[in-house]
Amino acid sequence: MNMLIVLKLLGAIAILIFGMKMTSEALQKMAGPQLRHLFGAMTGNRFSGVATGALITVAVQSSSATTVMTVSFVNAALLTLTQAISVIMGANIGTTLTAWILSAGFSFNIVNLVWPVLVVGIVLIQLGRHRYFGDFLIGLGFLLYAMVLLKNTGVEMDLASKPAVVAFFSSFKTNYATILLFLLIGTILTAVLQSSAALMAITMVLCATGAISIYQGIALVMGENIGTTSTANLAALNANTQARRTAMAHLVFNVFGVIWMLIVFFPFVRMICGIVGLDPEAPQQDTTLLSFTLAAFHTGFNVINTAVLIWFIPQIEKLVCKIIRPRKSDEEDEFRLQYIRGGIMKTPEISVLQAQKEIVVYGEKTQHMFALVRELYAAKDEQSFSRLYDRIEKGEEGSDRMENEIGRYLGDLGSAHLSDDTKEMVRAMLRQIGELESVGDSCFNLARILRRKRSNKIEFTEQQNKGIQEMFSLVGDALSRMNELLSGRKEELDLARSEDIERRINACRNALKQQNIDNLDDHQYGYDKGTVYADLVGECEKTGDYIINVVEARLGAVRNGIRYQGIQIDTDAKKVTVDGSDVSFTKTEYELLKLFLENRGKVFSRDQLLSAVWPDDVIVTPRTVDVNITRIRKKIGPYGDALVAKAGFGYFFRNNSESKV
């Protein structure tokens, strides 16, 4: 066997792994929202869990993707450990379809299918329509081509005619020692390749060329079942305790299956061979039947294993709970991430749910921080005041850290290939965490104002105390409503109540501000007391503004503004944000962008833009329009391509499904 054949074999395996990965990712992107709803509808019924796991694995063509999704959902507290174990059992059944696809590829001439599949895929991607289906077809084309290469390479290898190879494999007796050795080899190779499908294909090539017997091939398949659990266990290394237990349950389930299969190994293999019509002892074997026997064993083993162990889910749960003990670091402190951990990034579409769960925790932490501010206001002795102030200061530092870590996580998600809906969710989440961090900053600002009040020995009047308590109560209501919206389903929520609270906060601020001015004019108290009071009232109002911004980002709303994908214009404040970040615009740039977004799809000539935006007494040229358009494109970053020049006429902003609010 020369080096060229070895390179062909390795290249075919690489193409196979790439094709499987591309196919799986495309299917996940096409079915992302549906997968989330399917998981969300999960019940405590173990049979529905198995059905869900099998269905999702068939849909995404990857048991590893399903198990990592399941670990992610447990990590985000969206599934219980019991539900997750049943889903994993179903994933083991769903993955058997891949073995049948591979066996069909080795049994039939599929080379003529490869080229039309690739051509259609490329056309769909280039047209921009159904691009995820195009990605799927490209991945499928690579998968089919890899099977053709593996089949042809196996013929070229012709291992059965190599005396040295035949002698080497013949030295392995058909006994339990050999079966255990090949089982170990299958486990290690699958863990290294991170693809059970790749090793299944290699096993079919080795069996088809006569290098190994059907018994040794089936032992490799059993090893693949154990080795494939390494993906979920690696993904769960930095996850919470329940997620690590879920990954361990996958390993325990497959190891138990292999143990009982070893007890009945030879009778079971002979039974499968009898069903397929293969004589395992015959000197010459039908290559088609060999590949079908491997697929049949894979299916029979996983179906029977699930049918047996589904009744022992509670016992498996107890065992993994004993194996995986909670870490000391799992005891949560204030402003510590609970659901986002490194490693749960294999399925970015699903990881968005973890990020939203973390944002819910972030919102609850900021509400607790504001509750500490209220305690600080009521604190009498110096010791209690200092202790509460230190906790708020620590909370502000934790809030900054939490924003950075969630933002980094969302940034990693944003760099992955996501569906348009998921990209929109990520942009909204980035805005949410930015505004939540501002709430944390406001809480610390309130604490510093109260420290100044205490240092200057300022005592508020009864009227002032009543005003502050009224503001605190309104901001507390706004925070409670904000957290209800963060944790609920967006489709079932509305903005009206939050807007009503915001209006009441503004009205209260205006009334207290005027009252403070009147009291100062009447010399009811000194300037220092009035300034501290005004600062507290003003900071509470700012906190309310940040809270309503969180709510708007959650619900995808813009008050008195215009929205286009990640671009949002607040027409009251004349402020522009791009992907959640404030961007500075000149007055002219702002008016131009506003005009384009209000009239998306409409073409404006340069003369029309000049008359609409620039005052009549200002002398400008069409070149001025071009310069401002260039600046706007740079400032709106990834959306700059939507501002299109119409040759020889002017400009227009490409229309899409987004609308003015």
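Start at 1 with the first residue, then count along the sequence.
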In Å, rounded to the nearest 0.5 Å, how long is the span from [atom1] of [X] to [atom2] of [Y]?
X    : Y    : atom1 : atom2 : answer
M222 : I218 : CE    : CD1   : 9.0 Å
L97  : H298 : CG    : NE2   : 11.0 Å
L81  : T246 : CG    : OG1   : 5.0 Å
S48  : Q83  : OG    : CD    : 8.0 Å
Y362 : E405 : OH    : CD    : 10.5 Å
I316 : C321 : CD1   : SG    : 12.0 Å

In the structure I gave you, are the side-chain heavy atoms of [X] and [Y] within less than 4.5 Å of one another anywhere?
X    : Y    : value
P267 : R270 : yes
M261 : V258 : no
T190 : I226 : no
F253 : I85  : no
N254 : T228 : yes
L220 : Q216 : no
M429 : I406 : no
M204 : L294 : yes

Exercise. F312 and F256: aromatic ring centres closer than 6.0 Å?
Worked result: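 No, the ring centres sit 6.0 Å or more apart.
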
Exercise. Are the ring centres of F297 and F292 closer than 6.0 Å?
Worked result: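 Between F292 and F297, which both carry aromatic rings, the centre distance is not below 6.0 Å.
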
For this session: Please step through side chain to side chain contact (heavy atoms under 4.5 Å, CB included) for the pair L180 and L184, ending with a clear verdict.
Result: CA-CA 6 Å; L180 289 172; L184 180 62; over 6 Å; no

Exercise. Where do E224 and T203 land on the side chain to side chain donor-acceptor pair (under 3.5 Å) test, with the steps shown first?
Worked result: CA-CA 10 Å; E224 292 158 17; T203 304; 3.1 Å; yes

Heavy-atom closest pair, residues [X] and [Y]:
X    : Y    : answer
I138 : G121 : CD1-C, 3.9 Å
S86  : I313 : CB-CD1, 4.0 Å
T306 : M89  : OG1-O, 3.5 Å
T82  : E317 : OG1-OE1, 2.6 Å
L289 : G277 : CD1-O, 3.5 Å
R325 : R244 : O-NH1, 4.1 Å

Problem set entry | Step-by-step side chain to side chain donor-acceptor pair (under 3.5 Å) determination, N92 to N305 | CA-CA 9 Å; N92 274 35; N305 193 34; over 6 Å; no

For this session: Look at the aromatic rings of Y215 and F265 and report parallel, tilted or perpendicular, splitting at 30° and 60°.
Result: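 Geometry flag for F265 against Y215: tilted rings.
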
For this session: Determine the interplanar angle of the W260 and F301 rings, folded into 0 to 90°, and report it as parallel if under 30°, tilted if 30 to 60°, perpendicular if over 60°.
Result: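 Taking F301 first and then W260, their aromatic rings sit tilted (interplane angle of 30° to 60°).
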
For this session: Would you check if the side chain of Y176 reaches a backbone N or O of L262 as a donor-acceptor pair within less than 3.5 Å?
Result: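 Answer holds: yes.
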
Exercise. Are L486 and Q432 close enough, and set up right, to give a side chain to side chain contact (heavy atoms under 4.5 Å, CB included), and what steps lead you there?
Worked result: CA-CA 9 Å; L486 286 177; Q432 289 171 46; 3.4 Å; yes

Exercise. Which is it for Q356 and R554 under the side chain to side chain contact (heavy atoms under 4.5 Å, CB included) test, yes or no, and what are the steps along the way?
Worked result: CA-CA 10 Å; Q356 186 60 50; R554 169 64 176 144; 3.8 Å; yes

Exercise. Is there a donor-acceptor contact under 3.5 Å linking the side chains of N302 and N225?
Worked result: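 Yes, N225 and N302 have a side-chain donor paired with an acceptor closer than 3.5 Å.
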
Exercise. Where do L118 and L137 land on the side chain to side chain contact (heavy atoms under 4.5 Å, CB included) test, with the steps shown first?
Worked result: CA-CA 6 Å; L118 289 172; L137 290 178; over 6 Å; no

